[in-house]
Number of protein chains: 2
Amino acid sequence: MITSTSNPKVKRLVNLKKRRKARDDEGVFLAEGIRMFREVPTDLLLEVYVTEGFYKKEKELTDILCRQAKIRQEVLSDTVFAYVSDTKTPQGVMCVVRQRNKTAKKWERLIEKEQQKPFFLVLDNLQDPGNMGTVIRTAEAAGVTGILMSADCVDVYNPKTIRSTMGSVYRMPLWYAEDICEAVRELKRQGIHTYAAHLEGTVVYDEAEYREGTAFLIGNEGNGLRQEVAELADTWVRIPMAGQVESLNAAIAAAVLMFEAGRQRR
Amino acid sequence: MITSTSNPKVKRLVNLKKRRKARDDEGVFLAEGIRMFREVPTDLLLEVYVTEGFYKKEKELTDILCRQAKIRQEVLSDTVFAYVSDTKTPQGVMCVVRQRNKTAKKWERLIEKEQQKPFFLVLDNLQDPGNMGTVIRTAEAAGVTGILMSADCVDVYNPKTIRSTMGSVYRMPLWYAEDICEAVRELKRQGIHTYAAHLEGTVVYDEAEYREGTAFLIGNEGNGLRQEVAELADTWVRIPMAGQVESLNAAIAAAVLMFEAGRQRR
C-alpha cells in the first residue's frame, strides 16, 4: 500500500491529473469513479489504483477487469487517494487508460466504413471541460459517427471532461484536427453536407434536411464559430430563440441540432 | 472606498455569496459581471459594488443604472473585490438584487394570464447549480411560461446558477413548490398535459403532441424523477438513445424536450 504523497507513483498521477502535456507525452489519461471503471475497455486499461475500502466492496469487479487487462491493482491509503483524486468525495478507484484517436490522421476512413449517411460533429475552439464532456455523451446518444475538434479545443482527457462523458469518451471516435478548416473541406469532398450553428443562420434548424451525410459545426461558448470556419459551411442554421436570450449554451445548441437530426433519421 | 476584508459590508456580501439562508433571510441575491449588471431590472436593483477600474471603464452605464435604481455605487479595492467575488477573474462589478417569485403562492395566476397553451417546466430535486442555470436560460429561449421546482432543488440564487442563466433568472418566472406533487395535480386540474421525461417512457418524445398546454417533468441528475412525481404524469416520454448511453444530462434532456415543443408550436 502506498501511504506517502511523496511517493514517485503518486507524483506521476497528480501530474497526469493536472497537465495535458504529461497525459499526451505518455499517451494516457486518468478515469476515476466506479462508473468509469466499470465501463473501461480492458484493452485500453493500463493501471488500476484503489483504496482498501473500495477493493473490499468491489473485489470481484476489480479482479475480473485486472485479469482481463493482465495487470494488478495497486492500493493507496485513503489520504493518498484523496490527494490524487480530482473529486471532493472520491469513490476509491482510478485507472490509467490509454488514449486513442488523438490525431486527425485517418479519420477519413471512418467515413468509408459507414455504409451510408455519416453523422459528424465539428467543434471549433470549445473551451469548457464540462461542456466538452456533455457534448461527447450527448453525441453518442444521438448516434454521431465521430467528433472532429480544432487543435485549440479543451483537452478531452481533462479529468472534468472525462467525468462528464459518463463513459462515452471510451466509445466515441474523436480526433484533433491540425487544421480544422482543411478537415471541414475534406468532409465536404466526401459528400457530407456541413451545417454551421450560427446566430445569423438563414435557415431555421428544423427546416433543413439531415437524412444524408451530415456534419454540424459548433463554435466557442462565448464567440461562436470563427469566421473562416463558418464560411466553409454549406448552410448556416439558426435555432429560433424566444425572450431576450442572445445565445444558447454550446452543449445545448449541439444537443438540439443532433437530436433533430436523430429525429429525422429515425 | 472599502479596502479591508473585515469591513462588515464585505462580511455580509461574502455571507450572501456562500449561504442560501442569508440570501433568503434578506430576500436578495448577488449578480456578478458586466452582463448580469447590464441586464438587471432596475426595479430589483438594491446595491452596486464596483472596482475603480470598472467604474472608470463603465461610468456611463453605472451612473444610468444607479440613477434609475435611485442608489449610489460603492467602490471596493481590487483585493476586497477579489475576496468577495465568486469568480477567478472578477470583472469588477457586483449587484445585490431583490428576489422575486420565491414561493409557489399564486403561480396559478400565470396560467390564467396566458390566453392559451401555457408551457411549464417542473424540476424535481435538480441538484447541480450549473445545470439549473442552463435549464433556466434554455427555458427562456424555448418559450417556457414558467418553472416550478420542488423545495429540495438547488437554490436558483446560488452564484454559479445565476452566472449560468446569463440573465434569464431576471426574466423567467420561477417558484419553489412546497409540495411538488400538489403543484403537478394543480397543473392537471388547469387542463395542462403533463409529460414525465422517463427512461421507461412508452412514447417516443417526438410522437407526442405539445401544441396545447404542456408541462415537462424533469428529474434529478442521477436518479431521475421520484416515483411519486412520475406517477402523476399523464404521459411518460422517452428520448431514444443510441450507443451505450444510459441517460442524458438533465439539462440536455430538458432542452431536447423543450425545443421539440417549440418546434411544434412554431
Side-chain angles (χ1 to χ4, degrees), chain A residues 35 38-39 41 119 128-131 133-145 160 163-173 199 204-207 221-222 238-266, chain B residues 35 38-39 41 119 128-131 133-145 160 163-173 199 204-207 221-222 238-266:
Chain A
R35 191 197 170 108
R38 203 187 294 127
E39 298 192 3
F119 181 7
D128 182 86
N131 260 350
T134 303
V135 166
I136 295 170
R137 174 181 176 193
T138 309
E140 184 186 6
V144 162
T145 316
K160 189 156 192 287
R163 204 158 48 237
S164 312
T165 70
M166 300 287 270
S168 294
V169 71
Y170 296 141
R171 299 178 292 266
M172 175 57 59
L199 296 174
V204 175
Y205 78 101
D206 59 351
E207 287 169 0
E221 290 86 354
R238 177 175 55 87
I239 302 175
M241 289 180 290
Q244 295 173 48
V245 178
E246 286 174 24
S247 70
L248 292 171
N249 168 292
I252 297 287
V256 169
L257 296 178
M258 291 190 286
F259 273 92
E260 172 61 15
R263 194 185 69 83
Q264 291 187 14
R265 284 159 172 251
R266 268 198 307 279
Chain B
R35 190 197 172 108
R38 202 187 295 127
E39 300 193 2
F119 181 8
D128 182 86
N131 260 350
T134 302
V135 166
I136 295 170
R137 174 182 177 193
T138 309
E140 184 186 7
V144 162
T145 316
K160 188 156 195 281
R163 205 161 44 238
S164 314
T165 70
M166 301 286 270
S168 295
V169 71
Y170 296 141
R171 300 178 293 265
M172 175 56 59
L199 296 175
V204 175
Y205 78 102
D206 59 352
E207 288 169 359
E221 290 85 352
R238 176 174 55 86
I239 302 175
M241 289 179 291
Q244 294 173 50
V245 178
E246 286 174 23
S247 70
L248 293 171
N249 168 292
I252 296 287
V256 169
L257 296 178
M258 290 190 287
F259 273 91
E260 172 62 16
R263 194 184 69 83
Q264 292 187 13
R265 282 158 173 251
R266 268 199 305 280

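Keep in mind the model is a prediction, meaning the values are calculated, not measured. Both backbone and side-chain heavy atoms feed into the values below; hydrogens, waters and symmetry mates do not.
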Participant: Could you tell me which non-hydrogen atom of B/Leu248 sits nearest to which non-hydrogen atom of A/Ala141, and how far apart they are?
Facilitator: CD2-CB, 3.6 Å
Participant: Quick one: pull up OG1 in B/Thr134 and CG in A/Asn131 and give me the separation to the nearest 0.5 Å.
Facilitator: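 Answer for the OG1-CG pair, B/Thr134 versus A/Asn131, is 7.5 Å.
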Participant: Against chain A, label B/Arg137 side chain, backbone, both or neither, depending on which of its atoms sit under 4.5 Å from a heavy atom there.
Facilitator: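 Both backbone and side chain of B/Arg137 come within 4.5 Å of chain A.
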Participant: Using non-hydrogen atoms and a 4.5 Å limit, figure out which bit of B/Val144 sits close to chain A: side chain, backbone, both or neither.
Facilitator: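 When you check distances to chain A, no heavy atom of B/Val144 falls under 4.5 Å.
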Participant: Heavy-atom distance under 4.5 Å to chain A: side chain of B/Ser247, backbone, both or neither?
Facilitator: both
Participant: Taking NZ, NE, NH1 and NH2 as the nitrogens, is one of them in B/Arg266 or A/Glu207 under 4.0 Å from a carboxylate oxygen of the other?
Facilitator: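 Looking at A/Glu207 together with B/Arg266, the answer is no, because their closest N to O distance does not fall below 4.0 Å.
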Participant: I need the residue from B/Met258, B/Glu246, B/Glu39 with the largest number of non-hydrogen atom pairs under 4.5 Å to chain A.
Facilitator: B/Glu246
Participant: Measuring heavy-atom distances to chain B, does A/Arg263 have an atom under 4.5 Å in its side chain, in its backbone, in both, or in neither?
Facilitator: both
Participant: Identify the two heavy atoms, one from A/Ala242 and one from B/Ala142, that lie closest to each other, and give their separation to 0.1 Å.
Facilitator: CB-C, 4.5 Å
Participant: With a 4.5 angstrom heavy-atom cut-off, could you sort out which part of B/Arg265 is near chain A: side chain, backbone, both or neither?
Facilitator: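 For B/Arg265, there is no contact with chain A at all, as no heavy atom is under 4.5 Å.
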Participant: Is there a side-chain contact between A/Phe259 and B/Glu260 in this structure, where contact means two heavy atoms from C-beta onward sitting under 4.5 Å apart?
Facilitator: no
Participant: Quick one: of B/Ser168, B/Ala254, B/Gly243, B/Pro240, who has the most non-hydrogen atom pairs under 4.5 Å with chain A?
Facilitator: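 Heavy-atom pairs under 4.5 Å are most numerous for B/Pro240.
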Participant: Does the side chain of B/Ile252 reach to within under 4.5 Å of the side chain of A/Ile252, using non-hydrogen atoms?
Facilitator: yes
